[in-house]
There are 2 protein chains.
Amino acid sequence: MRWSGLPPLNTLLPFEATVRHASMTAAAQELHVTHGAVSRQVQNLERSLGTSLFERQTRALRPTPQARQLAAIVRDALDQIDAAARQISQHTPAGPLTLSCEPTLLMRWLIPRLPDLAVNVPDVTVHLSAGGGPVFFERDNIDLAIRRDDFPFPEEVSRTRLFAERIGPVCRPDLAARLTGAADLTGAALLHTSTRPQAWDDWRRITGMKAEPASQQTLEHFYLTLQAAAAGVGIAIAPYAVVRDDLERGQLVAPFGFVPDGTSYHLLSRQPPEQDGRVRQLTAWLRAKTSQLENESEQV
Amino acid sequence: MRWSGLPPLNTLLPFEATVRHASMTAAAQELHVTHGAVSRQVQNLERSLGTSLFERQTRALRPTPQARQLAAIVRDALDQIDAAARQISQHTPAGPLTLSCEPTLLMRWLIPRLPDLAVNVPDVTVHLSAGGGPVFFERDNIDLAIRRDDFPFPEEVSRTRLFAERIGPVCRPDLAARLTGAADLTGAALLHTSTRPQAWDDWRRITGMKAEPASQQTLEHFYLTLQAAAAGVGIAIAPYAVVRDDLERGQLVAPFGFVPDGTSYHLLSRQPPEQDGRVRQLTAWLRAKTSQLENESEQV
DNA sequence: TCGCATACGTGAATTTTACTCACAGGTCTT
DNA sequence: AAGACCTGTGAGTAAAATTCACGTATGCGA
């Protein structure tokens, strides 16, 4: 009888996000669901309250004043619960989590973001471990692993898709001047990476571009290759994620943009998926940061 | 990322109720689910927080201090949301709801509880309508109806079970003195009701008790029959619900208790089930009041 | 004014989650 | 020692949430 006016609680998150963004599509992106799911939950809430909460103008969605007010209250209420839940979670033993990640992604994407992690997920201390290929959770005492799905994952691990791999040639800005507008890379010096020797071939196959190199060189790791590219030695082929900071700083440019190669990065975890508060928080942070990577796909 | 510590919201209600009652079984009763459902939701929450929230002593469940604190916060948060939701619901048109109910139940059970309804569900104004048998929602402009399932309900109406019918003989206390302890009702004056002529037969069949009446009399309605019983005319056979107030006041007694006759009372509503805030509130109140009826089954 | 991109709604199918049922194990009561 | 009570749990079922694919309406650029 108490709380007989309470709407279905599961509708609250989609609703709040929709009000905040004034858009179901944006809310859906934030919550990592389709806009259809959000649409239906918002409808549920509206039916439950017996009122329309948004002005539907085909282009834009306008939350009514009531909706804004309700959203504010919901935000507040969830904040309280969240805070209480965090406190309880963190008061429990809570050792550090060990996260395994492919070396280059670790060095050039994850490590630069650790300060942000420390700010946004202060409750969790993370140990990092560079590694690729199959994950041995038990043997290596690993809790979470980021891996590209270029090999089969064991059935029993829980997986969360993070972002699509997109690869493209990168080089020093002054070298790019000679290339931009050109239909192919013929005559350039191509830098290969021995841990992913087929990267250039993949790219040529996907884009149909030619690349008859004047010279070629193979280096051990992506980060060495990128170092060489930044030094002006030649043109490297690299995943977007590992070079996006360099692109932003202008140390590298990607004259031909990036193309998906069909693979994706996933977050793997052992049996109990994200029923652990720390794992949940870390997962949420990773999903937020990596979805940013995906949204930047436009700016290629 | 915000709210990454948030546990599954659906676990909160069962959890809060469990803390409040220090019992899953009691919480389950309150929420009208089985104890198994509550047990699982509480486990979900505990897994999500990574902590145990109750001390399990086989006999009793003891919420930890953390659990109490969390429950208090949840209570508070849900209060806020509930209040906001009510306000929005009630700000919308919200005409009165019409509730149809079988005449005797209406007069002897529902009407005496209207003051309680007014206090606990102030937002909703209810129109009452006495009626039995098939419900014509559209034609008679009825929103909700309470009916016994002694006839088939149409497929498309939404139904909520309220309580089991239990019937038993009742009479004036001084008359009961002669009966109590006796194996049968032979020689008594039996009062029948023409709207349910088979009630005495049902009771005899279920209990196996004999009743060779010295005299018999048939009255039009249960409330007339009960009037007669209270006047000492004879023994009536009545549903528990309609006489429980009389029993409490001592105006009638039920020397043989009450037995389920296999039927139940249900709340019927037209298409949109309880997606309307007013309907939801009224339903919640009815369920609370009627579940009380069922819990009293012990005291027969 | 014609695509074209964007954003929401929706029927059908699917996956996930919640719930019930029936039983097990443990303790307190009588 | 038997019965009442409470919680946990495996298996099966019911319900809810989500996706997918498609439909519609509109603003925007050519």
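Letters A, B, ... mirror the listed sequences (proteins, then strands); counts begin at 1.
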Should [X] be listed as having a side-chain N or O under 4.0 Å from OP1 or OP2 of [N]?
X: Q41(B); N: dC19(C); value: yes
X: N10(A); N: dT17(C); value: no
X: S23(B); N: dC6(D); value: no

Picking from [options], which would you name as closest to the side chain of [X]?
X: R56(B); options: dC8(C), dT20(C), dG8(D); result: dG8(D)
X: S39(A); options: dT9(D), dC8(C), dG9(C); result: dG9(C)
X: L61(B); options: dT20(C), dT7(D), dT10(C); result: dT7(D)
X: V33(A); options: dT19(D), dA18(C), dT10(C); result: dT19(D)
X: T34(A); options: dG8(D), dC20(D), dT10(C); result: dC20(D)
X: N44(A); options: dT9(D), dA17(D), dT18(D); result: dA17(D)
X: H35(B); options: dC6(D), dA22(C), dA11(D); result: dA22(C)
X: M24(A); options: dT7(D), dG10(D), dG9(C); result: dG9(C)

To the nearest angstrom, how far is [X] atom [atom1] from [N] atom [atom2]?
X: H21(B); N: dT7(D); atom1: NE2; atom2: P; value: 12 Å
X: R40(A); N: dT14(C); atom1: CZ; atom2: C1'; value: 12 Å
X: L9(A); N: dA18(C); atom1: CG; atom2: P; value: 12 Å
X: H32(A); N: dT19(D); atom1: NE2; atom2: P; value: 12 Å
X: F54(B); N: dC6(D); atom1: CZ; atom2: P; value: 16 Å
X: R62(A); N: dC8(C); atom1: CZ; atom2: P; value: 14 Å
X: L45(A); N: dA16(D); atom1: CG; atom2: C1'; value: 16 Å

Task: Check: R62(B) side chain, Q57(B) main-chain N or O, donor-acceptor pair, under 3.5 Å - done: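 No, the answer is negative, given that no donor and acceptor are paired below the 3.5 Å cut-off.
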Task: Check: V157(B) and F137(B) side chains under 4.5 Å, non-hydrogen atoms - done: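 Yes. Closest side-chain heavy atoms under 4.5 Å.
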Open item on the list: Under the rule for side chain to side chain donor-acceptor pair (under 3.5 Å), what residues qualify as partners of R287(B), not counting sequence neighbours?
Closed with: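 R287(B): no side chain to side chain donor-acceptor pair (under 3.5 Å) contacts found.
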TODO: Determine, using ring centers only, whether F153(A) and F151(A) are less than 6.0 Å apart.
DONE: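 Yes, ring centres under 6.0 Å apart.
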Open item on the list: Any base atoms under 4.0 Å from Q43(A), or only sugar-phosphate, or nothing? Heavy atoms, all strands.
Closed with: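 Sugar-phosphate only.
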Open item on the list: Quick check on salt bridge (Lys or Arg N to Asp or Glu O under 4.0 Å): which of R244(A), R161(A), K289(A) does E294(A) satisfy it with?
Closed with: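 Checked R244(A), R161(A), K289(A) against E294(A); only one passes salt bridge (Lys or Arg N to Asp or Glu O under 4.0 Å): R161(A).
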